[in-house]
Amino acid sequence: MTKNNILIASFSIIFSSIFFVINDAIINYLSSINFTFYHFIFYGAPAYLSVPLFLLIKGNLKKNLKCENYLIPTIRGIIFTPMPFITFVSLKNITLPEFTTLNMAAPLFGAIYAIVFLNEKLNKYIYISLVIGFLGVLFVIQPGFEAFNIYFLVTLFGVILITTTTTIVNKYNNIITALGYFMYGGFFIHIISLILFIWDPIKVNFYEFILITIASILINIAIFLTTLAFKTAQKHYSSVFCLVYLQIVWSVLIGFFIFNEYLNFIAIIGAILIVLSGIFSIPAQFKQINE
């Protein structure tokens, strides 16, 4: 693992977190007007299909689909399949802040996976980054979990699934390319969505189509960047994962500049803590390199 690889993994996570925030905001709107995950995926399919089409034109499709063990990307693709359904159902039944807060449990699950499945040794900087980041999330979101909602558990189940897929990519980083993981990962959900759309079609207006197209492009780029990050991270899975907390920062900035939403004093403290979490992940990465 070189410093260049760490930079690639870190910047991939940073940019993917921006795209995830925008996608979640659009899905939050679409779920409120009775769109389902298969409507979204059907109309957004061109964004996914453009990758194998581009590789086919370049003559690199077969190279990227070739794998040393096809069972691994297949299992990962199956594990990923429920994720769009979970996202739409969750955002329809809980608030976006609650959904975002619960998803920020991912680095904590990632740390557990790193210890149990990746034999990764965590250092004090990783622990500090995890704790500070999660506290920052709570300060910014200030969630009011006033009543238990079963969809909190549904969302957490989704967090476990997505963390499992990133762990698989990290553990088996040499068996296939990042683009290969991306294509196998989306295969099953697109087939299922096509079948469901034929059974329950829906027409969209131009505005909805543009929103779906933008979200589809961004989510596919985000998924690829995340795959690339954890494939590149290798033995530094948990320290890179801490940068996921920065997703809250982008959410705050988008809210301020686009929706004119202002932060209160507690949220400002939270944003500072999240930035500190990202800063602490940097020495954590370099300490792992030296060790």
**Q** For a quick test of reading the model, state the closest non-hydrogen atom pair linking His190 to Ile41 and the distance between them.
**A**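 What the structure gives for the nearest pair is CD2-CG2, 3.6 Å.
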
**Q** Please list, chain by chain and in numerical order, all residues satisfying side-chain contact (heavy atoms from CB on, under 4.5 Å) with Ile128, sequence neighbours excluded.
**A**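 Scan of Ile128 (side-chain contact (heavy atoms from CB on, under 4.5 Å), adjacent residues dropped) gives Ile132, Phe280.
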
**Q** Tell me, with the steps shown, if Asn205 and Glu208 meet side chain to side chain contact (heavy atoms under 4.5 Å, CB included).
**A** CA-CA 5 Å; Asn205 58 39; Glu208 293 166 344; 3.1 Å; yes

**Q** Who are the side-chain contact (heavy atoms from CB on, under 4.5 Å) partners of Ile18, not counting sequence neighbours?
**A**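 Applying side-chain contact (heavy atoms from CB on, under 4.5 Å) to Ile18 gives Phe15, Ile22, Trp250.
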
**Q** Flag the pair Phe197 / Ile202 as yes when at least one side-chain heavy-atom distance between them is below 4.5 Å, and no otherwise.
**A**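 When only atoms from C-beta onward are counted, Ile202 and Phe197 do touch, with a gap below 4.5 Å.
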
**Q** Could you check if a side-chain atom of Leu161 sits within less than 4.5 angstrom of a side-chain atom of Pro82, using non-hydrogen atoms only?
**A**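 Counting from C-beta outward, Leu161 and Pro82 do come under 4.5 Å.
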
**Q** Look at the side chain of Thr164 and the backbone N and O of Ile160, then say whether any donor-acceptor pair between them is shorter than 3.5 Å.
**A**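 Yes; at least one donor-acceptor contact below 3.5 Å.
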
**Q** Hey, does the side chain of Asn103 reach the backbone of Phe99 with a donor-acceptor pair shorter than 3.5 angstrom?
**A**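 Yes: the side chain of Asn103 pairs with the backbone of Phe99.
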
**Q** Verify, without hydrogens or angle tests, whether Ser16 (side chain) and Ile13 (backbone) share a donor-acceptor contact under 3.5 angstrom.
**A**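 Checked: pair present.
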
**Q** Tell me the closest heavy-atom pair linking Ser90 and Thr155, and the distance in Å.
**A**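 Looking at all heavy atoms of both residues, the shortest contact is OG-OG1, 3.0 Å.
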
**Q** Hey, could you give me the CD1/OG1 distance between Ile162 and Thr226, rounded to the nearest 0.5 Å?
**A**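 The OG1 atom of Thr226 is 7.5 Å from CD1 of Ile162, to the nearest 0.5 Å.
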
**Q** Taking Asp24 for its side chain and Val21 for its backbone only, find out whether a donor-acceptor pair lies under 3.5 Å.
**A**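 Checking the backbone N and O of Val21 against the side chain of Asp24, no donor-acceptor pair under 3.5 Å is found.
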
**Q** Could you go through Val51 and Leu55, starting from their C-alpha distance and side-chain angles, then the distance that decides it, and tell me whether this counts as side chain to side chain contact (heavy atoms under 4.5 Å, CB included)?
**A** CA-CA 6 Å; Val51 175; Leu55 293 175; 4.2 Å; yes

**Q** Could you check whether atom OH of Tyr172 has more than 12 heavy atoms from other residues, nucleotides or ligands sitting under 6.0 Å from it?
**A**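 At most 12 heavy atoms, drawn from other residues, nucleotides or ligands, come within 6.0 Å of this atom.
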
**Q** Could you give all pairs that pass the side-chain hydrogen bond (donor to acceptor under 3.5 Å, both in side chains) test and reach residues 33-62, with sequence neighbours left out?
**A**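 Passing the test, one end in residues 33-62: Asn34-Lys92, Thr36-His39, Tyr38-Asp200.
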
**Q** How about CZ on Phe188, more than 12 heavy atoms from neighbouring residues, nucleotides or ligands closer than 6.0 Å, or not?
**A**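 Yes, the 6.0 Å shell around CZ holds more than 12 heavy atoms from other groups.
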
**Q** Any chance you could measure Met183, atom CE, to Phe224, atom CZ, to the nearest 0.5 Å?
**A**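 One finds 9.5 Å between CE of Met183 and CZ of Phe224.
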
**Q** I need the minimum non-hydrogen distance between Asn23 and Ala215, along with the two atoms involved.
**A**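 Closest heavy-atom pair between Asn23 and Ala215: OD1-O, 3.4 Å.
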
**Q** For the side chain of Arg76 and the backbone of Tyr181, is there at least one donor-acceptor N/O pair under 3.5 Å apart?
**A**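 Such a contact is found between Arg76 side chain and Tyr181 backbone.
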
**Q** Heavy-atom distance under 4.5 Å between the side chains of Ile223 and Phe80, does that happen here?
**A**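 Sidechains of Phe80 and Ile223: in contact.
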
**Q** Considering non-hydrogen atoms only, spot the tightest contact between Leu225 and Ser12 and give its length.
**A**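 It is O-CB, 3.4 Å.
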
**Q** Find out whether Phe182 and Asn220 are in side-chain contact, i.e. whether some heavy atom of one side chain is under 4.5 Å from a heavy atom of the other.
**A**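 Side-chain contact under 4.5 Å: yes.
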
**Q** Surrounding OH of Tyr70 (heavy atoms of other residues, nucleotides or ligands, distance under 6.0 Å), is the total greater than 12?
**A**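 More than 12 heavy atoms, drawn from other residues, nucleotides or ligands, come within 6.0 Å of this atom.
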
**Q** Between CZ of Phe20 and CD1 of Ile221, what distance do you get to the nearest 0.5 Å?
**A**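 Those atoms lie 11.5 Å apart.
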
**Q** Are the side chains of Phe42 and Leu194 in touch, meaning some heavy atoms are under 4.5 Å apart?
**A**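 In contact.
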
**Q** Rounded at 0.5 Å granularity, tell me how far CZ in Phe37 sits from CD1 in Ile86.
**A**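 One finds 10.5 Å between CZ of Phe37 and CD1 of Ile86.
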
**Q** Parallel, tilted or perpendicular: which describes the rings of Tyr29 and Tyr207, with under 30° parallel and over 60° perpendicular?
**A**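 The arrangement is perpendicular - the two ring planes meet at more than 60°.
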
